[in-house]
Amino acid sequence: MKWSKVLNSVQIPAIGDIKTAEIAGKQICIINDEGKIIATQSTCPHAGGHFSGGWCKNGHLICPVHRWEYDLKTGRGAEGQGDYIDIYATEIREDGLYIGFEESWWSKLWG
Ligand code: FES
């Protein structure tokens with residue numbers, strides 16, 4: 001696992017907020033769902049809506065464009081959608097929020 005710091009402690013989103021952060025030129029969304037920090041890809045696989053304008057409901061991320069839903073634990077789309085989003089590992093350390101990527105993902109995304 002390769003860990004990268006994405007936010008300072010004071011930048012971590014408050015409960016219910018979604019922030020966009022960037023790692024090596026790639027955007028990701030940082031979500032605070034009832035105190036749990038989750039990192040996902042930033043755009044919706046349906047038609048490219050940006051999740052930063054979305055919201056959380058019952059453990060799901062709702063896309064603001066057509067309101068498709070994604071499970072925040074597994075990344076799976078709701079029944080009938082047949083799609084999924086990437087969920088990245090998160091760790092809050094003393095100096096901020098770190099995101100963890102599998103080495104194979106890292107090389108796939110950034111070479
Ligand atoms: S673009 Fe996200 S639901 Fe359509």
Side-chain angles (χ1 to χ4, degrees):
M1 186 81 73
K2 192 174 170 76
W3 291 92
S4 282
K5 184 179 172 184
V6 289
L7 296 175
N8 291 321
S9 304
V10 294
Q11 298 173 309
I12 294 172
I15 290 177
D17 282 353
I18 301 176
K19 275 192 177 176
T20 302
E22 209 173 286
I23 301 179
K26 182 178 171 58
Q27 279 194 344
I28 56 172
C29 277
I30 314 292
I31 299 158
N32 186 333
D33 182 34
E34 297 181 354
K36 188 168 175 12
I37 302 298
I38 300 148
T40 71
Q41 65 186 65
S42 61
T43 55
C44 178
H46 175 228
H50 205 283
F51 287 135
S52 59
W55 62 93
C56 298
K57 188 177 159 192
N58 302 327
H60 288 76
L61 174 61
I62 316 294
C63 176
V65 182
H66 307 103
R67 302 190 177 197
W68 283 27
E69 299 184 15
Y70 298 90
D71 188 300
L72 283 168
K73 276 197 191 118
T74 65
R76 275 180 201 269
E79 206 176 321
Q81 288 178 203
D83 59 358
Y84 70 93
I85 56 171
D86 289 334
I87 306 275
Y88 307 112
T90 57
E91 196 171 282
I92 295 176
R93 299 184 188 172
E94 211 167 279
D95 63 335
L97 176 68
Y98 286 72
I99 308 288
F101 298 93
E102 299 293 339
E103 297 286 344
S104 58
W105 285 16
W106 186 268
S107 46
K108 185 178 82 181
L109 294 171
W110 293 287

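Each ligand, and each atom within it, is numbered from 1 in the order the structure gives. Computed over heavy atoms, backbone and side chain alike; hydrogens, waters and symmetry mates excluded. Note that the structure is predicted; figures quoted are calculated from it, not measured.
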Numbering the atoms of ligand 1 from 1, which are under 4.0 Å from a heavy atom of [X]?
X: G49; answer: 1 (S)
X: C63; answer: 1 (S), 2 (Fe), 3 (S)
X: W68; answer: 3 (S)
X: A47; answer: 1 (S)

Per the side chain to side chain contact (heavy atoms under 4.5 Å, CB included) rule, which among [options] passes with [X]?
X: I30; options: V6, I38, I18; value: V6
X: F51; options: I31, T43, I85; value: I85
X: K5; options: D95, L97, I23, I99; value: D95

Checklist entry - Stepwise, does the side-chain hydrogen bond (donor to acceptor under 3.5 Å, both in side chains) test hold for Y84 with D71? => result CA-CA 8 Å; Y84 70 93; D71 188 300; over 6 Å; no
Checklist entry - Within the stated cut-off of 2.8 Å, is an N/O/S atom of H46 closer than that to atom 2 (Fe) of ligand 1? => result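 No N, O or S atom of H46 is closer than 2.8 Å to atom 2 (Fe) of ligand 1, so no.
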Checklist entry - Around atom CD of E22, are there more than 12 heavy atoms of other residues, nucleotides or ligands at under 6.0 Å? => result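 Yes, the 6.0 Å shell around CD holds more than 12 heavy atoms from other groups.
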Next on the checklist: Under 2.8 Å from atom 4 (Fe) of ligand 1, can any N, O or S atom of H66 be found?
Outcome noted: yes
